[in-house]
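Each remark here refers to the structure printed beneath this line.
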Protein chains: 2
Amino acid sequence: MNYQKIPDETIKRMPMYLRAFSILKTENQDTISSSQLAERLHLNPPQIRKDLSYFGAFGTRGVGYPVASTADQIRGILKLDVPQKAVLVGAGRLGAAIAEYPGFALFDLNIAAIFDNDPSKIGTKIGTNIVEDIEKIDTIKACDIHLAILAVPADTAQSVVDGLADCHIKGILNLSACYLAVPKSIKVVTIDLAMELGTLPYYMM
Amino acid sequence: MNYQKIPDETIKRMPMYLRAFSILKTENQDTISSSQLAERLHLNPPQIRKDLSYFGAFGTRGVGYPVASTADQIRGILKLDVPQKAVLVGAGRLGAAIAEYPGFALFDLNIAAIFDNDPSKIGTKIGTNIVEDIEKIDTIKACDIHLAILAVPADTAQSVVDGLADCHIKGILNLSACYLAVPKSIKVVTIDLAMELGTLPYYMM
DNA sequence: TCGTGCTTGTGAATGTGAACGCAAGCACGA
DNA sequence: TCGTGCTTGCGTTCACATTCACAAGCACGA
């Protein structure tokens, strides 16, 4: 196997490519060139070619990339060729919004369970799930769930993560404004809305 | 002026530093060394020193960084030393969650107006704001608002942005899964939840 | 069957950011 | 007043990512 380290930045762009190819498929376009795709995504053609070439030669010279099969390839690379289940922790306003967010469907990402520690929320229904008690988090061990979404206050996030670490969770999307200590077998992506908004004034003239 | 280009990555980390210094202040700690701070934030000490040194010499050798004055300096750099107002477009589930998100307060970022195009939402109250008709978006011209948060479906995002461009908006936090065309006087930060979650399975063993 | 035009794939060069290591220099105590 | 210990600030080195430029090669038409 011709092993080569694939840049993290390339991995970050792969879902973007997958979405683009999926949309092209619905538009019945058979092939697309790197320059056409670059225009859609506001990227440079060589970057797209380089990114895709890390995983093999998907395109045809003189023609472009075949839409359907390249989409399948990317899905396989990202392990999105099988439906992935995620557990959502935190059924507050933000959690509820995420539970019903339609954007996950394109990647076959499904919220399979919801937990909270607020007795007034436990038992209520959000979307197709019933909110369960966070104390019973280890029931997910039996459910083949390896992804978690964290939408809890910053001061309880770490204790939730400690619980998740015992439940075969391997990836966490953290929406709390805090820094999580995790075993290095778990990959964490943190999105901090306030931080992102807080950088914007700097760029204003 | 000894001009030097400051890395974007450094700017991205500045709100993180500001939050850390703000919290330290409430803990009545007068100074902090780069290594102590690095431990809190899971960063390397040299990186913190380099980041801060781009803007001047805030620290004292042998002692560390003075918490209160460094916090003020960073606030000034990020233009967060004056309260900033933002307009929220989209009063759906995600928009409502953001409107009541408590994390913005630390940075003195305030949601000053909310707009939507759904007649059933216009007139309702979210937090302290009343949802207004998107058709009347240009009323914000008179309100000294230069930030916008976009929580609308991907297919309507571009038309909203076109409207915002005429209203002195200079920074947009985009939560829709799409690529926005904007004049280059506007800085856009896009957060795509599905994309972020979509990268996680790749890293699972 | 051969030539032309177009687009990919890829090594090399450039640019950008992170990490390192050490000199500068403040505080504090003798 | 001087020496010691600690921590910053910064020049240099290293690693990573992007961009470039061109050869490889497929499709299509003559």
Side-chain angles (χ1 to χ4, degrees), chain A residues 1-17 20-21 24 29-71 73-74 77 179 199 202-203, chain B residues 1-17 20-21 24 29-71 73-74 77 179 199 202-203:
Chain A
M1 175 179 169
N2 186 11
Y3 180 78
Q4 191 180 6
K5 161 80 178 146
I6 290 156
D8 276 344
E9 298 297 314
T10 293
I11 301 299
K12 275 194 208 163
R13 282 186 292 267
M14 295 308 285
M16 186 160 84
Y17 298 144
F21 278 106
L24 284 166
Q29 189 167 338
D30 289 341
T31 62
I32 188 168
S33 70
S34 60
S35 55
Q36 283 177 295
L37 188 56
E39 200 175 345
R40 281 197 177 227
L41 302 180
H42 298 136
L43 295 174
N44 297 325
Q47 179 150 79
I48 293 174
R49 293 203 299 273
K50 181 128 253 185
D51 283 342
L52 294 177
S53 75
Y54 281 116
F55 303 98
F58 301 148
T60 313
R61 293 172 199 227
V63 179
Y65 296 92
V67 168
S69 73
T70 307
Q73 292 280 352
I74 298 175
I77 291 161
Y179 314 98
T199 59
Y202 173 83
Y203 292 98
Chain B
M1 177 178 168
N2 186 10
Y3 180 78
Q4 191 180 6
K5 159 82 179 147
I6 291 156
D8 276 344
E9 298 297 314
T10 293
I11 301 299
K12 274 195 209 164
R13 283 186 292 269
M14 295 308 286
M16 186 160 84
Y17 298 143
F21 278 105
L24 284 165
Q29 190 168 337
D30 289 342
T31 61
I32 188 166
S33 70
S34 60
S35 55
Q36 283 177 293
L37 189 57
E39 200 174 343
R40 281 195 176 228
L41 302 180
H42 299 135
L43 295 173
N44 297 324
Q47 180 153 81
I48 292 174
R49 293 204 296 275
K50 181 128 258 188
D51 282 343
L52 294 177
S53 75
Y54 280 117
F55 303 98
F58 301 150
T60 312
R61 292 168 199 231
V63 179
Y65 296 92
V67 170
S69 73
T70 306
Q73 291 279 353
I74 298 175
I77 290 160
Y179 313 99
T199 59
Y202 173 84
Y203 293 99

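Please read these numbers as outputs of a predicted model, since none were measured by experiment.
Tested against A:Gln73, the residues A:Tyr17, A:Tyr65, A:Phe58 include a single side-chain contact (heavy atoms from CB on, under 4.5 Å) partner, A:Phe58.
Judged by distance alone, with hydrogens and angles left aside, the side-chain atoms of B:Gln47 form no donor-acceptor pair with the main-chain N or O of B:Asn44 at under 3.5 Å.
Proximity note for A:Ser33 (side chain, C-beta onward) versus C:dA18, C:dT8, C:dG9: the nearest is C:dT8. Here the side chain of B:Glu9 is nearest to one of D:dT7, C:dA27, C:dG17, namely C:dG17. Of the candidate nucleotides D:dA17, D:dG9, C:dA18, D:dA17 has the atom nearest to the side chain of A:Asp8.
Here A:Ser35 lies out of heavy-atom contact (under 4.0 Å) with every strand. Within the 4.0 angstrom heavy-atom criterion, base atoms lie near B:Pro46.
For the pair A:Tyr65 and C:dG9, the criterion of a side-chain N or O lying under 4.0 Å from OP1 or OP2 is met. Listed pair A:Ser34 / C:dT7 fails the phosphate criterion, with no side-chain N or O lying under 4.0 Å from OP1 or OP2. One finds no side-chain N or O of A:Thr60 lying less than 4.0 angstrom from the OP1 or OP2 phosphate oxygen of C:dT8. Within the 4.0 Å cut-off from OP1 or OP2 of C:dA18, at least one side-chain nitrogen or oxygen of B:Arg13 is found.
Judged by distance alone with a 3.5 Å cut-off, a donor-acceptor contact links the side chain of B:Lys50 to the base of D:dG11. The base of C:dT8 sits within donor-acceptor range of the side chain of A:Arg61, with an N or O pair under 3.5 Å.
Spacing between atom CD of A:Gln47 and atom P of D:dC20 amounts to 11 Å, rounded to whole angstrom units. As a whole-Å value, the separation of B:Tyr54 OH from C:dA18 C1' is 9 Å.
Both A:Gly62 and A:Ser53 sit near DNA chain C, but only A:Gly62 has its closest nucleotide nearer the 5' end.
Nearest heavy-atom pair, A:Lys12 versus B:Thr199, reported as atom, atom and distance to 0.1 Å: CA-CG2, 4.0 Å. Nearest heavy-atom pair across B:Gln29 and B:Val67 is O-CG2, 3.1 Å.
The shortest distance between side-chain heavy atoms of A:Met16 and A:Leu43 falls below 4.5 Å.
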